[in-house]
Amino acid sequence: MILACLSTITRRSFAFQPSYQQQQQQLLLRLSSLQKQIPKQHRIGTNVKNIRCFATVPNNKQQQEQLQASSNNNTTNHKKKKASSSTTKTKLSQTGGLRRLPVVKPPNELLDKARKVPLRVKNDPTVQNVRARARKHGAESLNALTQALCLPLRDIVKGYQQELRRLHPFERVVADLTARARTKKDGLTLTDVLQEIHKVRKMILECGKEWIYKTKHAETAKDANNIANDGMIRLMELYEEYAFEPVSGILELQRSLRSAPAIQLDTPAVVLVGAPNVGKSSIVRYISSATPEINNYPFTTRGMTLGHVEVFWSDNDTIARAIIPDKTTKTKKGSSSEQVMNNLQDRYAFSQLCQVMDSPGLLIRPDHEERNEMEELTLAAMRHLPTAVMFVMDLSGEAGDKCSSIQDQLQLRRNVRTQFPKRPWIDVISKIDMGIVEGAEEELNEILDGSPYIRLSIHEGQGIDELRQEVLRMLGEVRVVLDAMAAVDDRSARS
């Protein structure tokens, strides 16, 4: 119906030869009235304003080419926006954001650089009056210094606020814990420091405006020069007095955050959880294919051990047929470990380097009691990273930590499993060669309610093969989930 009315209106417009503006106005009014008559459920998802480009009937080839070019530009811009949106989504789903934080230079370096800026401001030879020329030169010099001092401060605040919003949830916890450790040191949070820098920038900006006003209203050329020099000295004094400390604080925080390790989200991982001193790090070192790394976080002196297991997969779908090479297996005489790995690569479809990490010990705490930074890091890894869980217990009574009693460990196991019921999970009793306190294993069986667990002794080699197979099973389950998530992301990016 709308197309028929357009045709009718166009024929009438040619008959009466109205002006171009009248023709466009008549078309828009007619389309508006027709759109109101159509029921809402049958209306096209455009409004009259969006039809403006179609209301103009091109009367020559040049106008047709212009309309076509405009349409192509709109299509290109839409594609760019869509690509930008999908890129943003991809970035938001990845770790490594702490290393993308804005680079902050030392405050004395920023001040030295700003001090040189007014020297590049030249007198305007076109201004004949000496006083007016001095006023203009002084005002421009003050403005140049003000901007040179304020712009880096603005970029620090704006850059940090933007990047912190884009952080992966796990890295957001790391940043928060790092800032919390700093708060314990001097009582300032990251938000406080950024707000302080923002206030200093506004202070310098207002001060610069006042001195510029004084310079512009100086009575003589000599007064204009003196006022401008005094103003620049005052601006630099304000910067030294108020900006040095918060900028130095941000610089220190930046160094800490940028040194934090980045976790790979697209790699299957198993995290070892338990009370302190139950043997988690020893297990990571033993089952890793190479020497584990020590991931040091800025808010603690204790690192997080991160090992890798190279898993060989027979095909893309079959989990059980993949293998974890036994690094303790003796090789044939004359053959190197590299040759053995090459033979494995020839036999299987592909290999994947998976992550195995221990975590700081957890303690039994009431619900209202705040956990320390290391405990928060452990829970954040379980909450935000694609990991399976190996819960490690030492039931020998020799854990060596007053917070690692058998009762505390068993209660901790209940609490953690309740928080993460859907994670791939295996329970491990470590240090089995040291014995088990009487009644402890029976109590554990009641808690597990028939679920399997592994009795492990790294010293005697007991339970190693079973542990390796369970790690393989959990890595396979995590990999299936990661592949499914990647497929969904790919479809979302293409749609």
Side-chain angles (χ1 to χ4, degrees), residues 98 100-123 134-164 175 178-218 220-259 298-299:
L98 292 175
R100 295 194 302 266
L101 289 173
V103 177
V104 179
K105 296 182 179 179
N108 56 339
E109 183 178 336
L110 294 175
L111 181 60
D112 291 339
K113 184 177 180 180
R115 186 183 284 114
K116 299 175 184 178
V117 173
L119 302 178
R120 296 195 288 267
V121 178
K122 305 298 182 183
N123 272 309
R135 285 176 173 177
K136 182 178 180 180
H137 180 261
E140 290 179 349
S141 299
L142 282 167
N143 182 66
L145 178 61
T146 302
Q147 296 301 318
L149 293 173
C150 290
L151 286 178
L153 300 180
R154 183 203 65 182
D155 293 341
I156 291 173
V157 176
K158 186 177 179 181
Y160 261 81
Q161 290 176 343
Q162 180 179 353
E163 289 298 332
L164 289 175
T178 305
R180 188 192 299 180
R182 178 179 171 80
T183 303
K184 293 180 179 179
K185 178 181 177 182
D186 53 21
L188 293 176
T189 65
L190 177 59
T191 304
D192 293 335
V193 176
L194 293 176
Q195 288 180 350
E196 187 174 350
I197 293 176
H198 178 65
K199 291 178 181 177
V200 172
R201 184 188 72 85
K202 290 179 66 176
M203 181 193 305
I204 295 174
L205 193 61
E206 292 298 326
C207 182
K209 290 179 180 179
E210 293 178 4
W211 283 100
I212 290 173
Y213 178 84
K214 293 178 181 179
T215 303
K216 288 183 175 180
H217 294 80
T220 64
K222 183 178 180 180
D223 290 341
N225 291 328
N226 291 335
I227 292 173
N229 289 331
D230 292 343
M232 286 187 283
I233 292 174
R234 180 55 184 158
L235 288 173
M236 289 185 284
E237 289 176 348
L238 282 176
Y239 189 89
E240 290 181 0
E241 184 176 357
Y242 294 102
F244 263 49
E245 184 175 352
V247 173
S248 299
I250 284 289
L251 180 62
E252 179 183 347
L253 184 64
Q254 171 206 2
R255 289 170 180 168
S256 300
L257 290 175
R258 290 171 68 91
S259 65
F299 46 81

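Predicted, not measured: the structure shown is a model, and the values here were computed from it.
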> Can you measure from CG (Leu251) to CZ (Phe244) and round to the nearest 0.5 angstrom?
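Between Leu251 CG and Phe244 CZ, I get 11.5 Å after rounding to 0.5 Å.
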
> Identify the two heavy atoms, one from Glu196 and one from Tyr242, that lie closest to each other, and give their separation to 0.1 Å.
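Answer, listing the atom of Glu196 first, then Tyr242: OE2-O, 4.4 Å.
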
> Say you draw a straight line from CG of Asn225 to CZ of Arg135; how long is it, rounded to the nearest 0.5 Å?
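Going from the CG atom of Asn225 to the CZ atom of Arg135 covers 12.0 Å.
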
> Could you grab the distance from atom NZ of Lys136 to atom OG1 of Thr215, nearest 0.5 Å is fine?
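Spacing of NZ (Lys136) from OG1 (Thr215) equals 14.5 Å.
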
> Test Leu194 against Ile250 for side-chain contact (heavy atoms from CB on, under 4.5 Å), laying out the working first.
CA-CA 8 Å; Leu194 293 176; Ile250 284 289; 3.8 Å; yes

> May I ask you to test the Leu238-Leu149 pair for a side-chain heavy-atom distance under 4.5 Å?
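Heavy-atom side-chain distance check fails, nothing below 4.5 Å.
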
> Is there a donor-acceptor pair closer than 3.5 Å between any side-chain N or O of Asn226 and the backbone N or O of Lys222?
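Yes: the side chain of Asn226 pairs with the backbone of Lys222.
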
> Show me the pairs that pass side-chain hydrogen bond (donor to acceptor under 3.5 Å, both in side chains) and involve residues 198-209, at least two apart or across chains.
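Output for this query is empty, none listed.
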
> Less than 3.5 Å apart, which donor and acceptor atoms pair up between the side chains of residues 108-119 and the rest of the protein, not counting sequence neighbours?
from, atom 1, to, atom 2, distance (Å)
Asp112, OD1, Arg115, NH1, 2.8

> Pro246 and Val193: which non-hydrogen atoms are nearest, and at how many Å?
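For Pro246 and Val193, the tightest heavy-atom pair comes out as O-CG1, 3.5 Å.
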
> Does Tyr213 form a side-chain contact (heavy atoms from CB on, under 4.5 Å) with Lys216? I'd like the steps, not just the answer.
CA-CA 5 Å; Tyr213 178 84; Lys216 288 183 175 180; 5.9 Å; no

> Measuring from atom CD1 of Ile204 to atom SG of Cys150, what distance do you get when rounded to the nearest 0.5 angstrom?
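Reported to 0.5 Å precision, the distance equals 5.0 Å.
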
> Is any side-chain heavy atom of Lys105 less than 4.5 Å from a side-chain heavy atom of Pro152?
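The answer is no; the side chains never approach within 4.5 Å.
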
> According to the side-chain hydrogen bond (donor to acceptor under 3.5 Å, both in side chains) rule, which pairs have a member within residues 145-164, sequence neighbours left out?
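Output for this query lists Glu163-Arg166.
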
> What is the distance from atom CD of Glu237 to atom CG of Leu235, rounded to the nearest 0.5 Å?
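Glu237 atom CD to Leu235 atom CG measures 9.5 Å (nearest 0.5 Å).
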
> Distance from Leu145 atom CG to Tyr239 atom OH, nearest 0.5 Å?
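So the gap between those two atoms works out to 11.0 Å.
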
> Taking all non-hydrogen atoms of both residues, which atom of Ser248 and which atom of Pro107 are closest, and how far apart?
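Between these two residues, the closest heavy atoms are OG-CG, 3.4 Å.
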
> Donor-acceptor check, side chain of Gln254 to backbone of Leu101, threshold 3.5 angstrom: yes or no?
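Side chain of Gln254 to backbone of Leu101, a donor-acceptor pair under 3.5 Å: no, none is there.
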
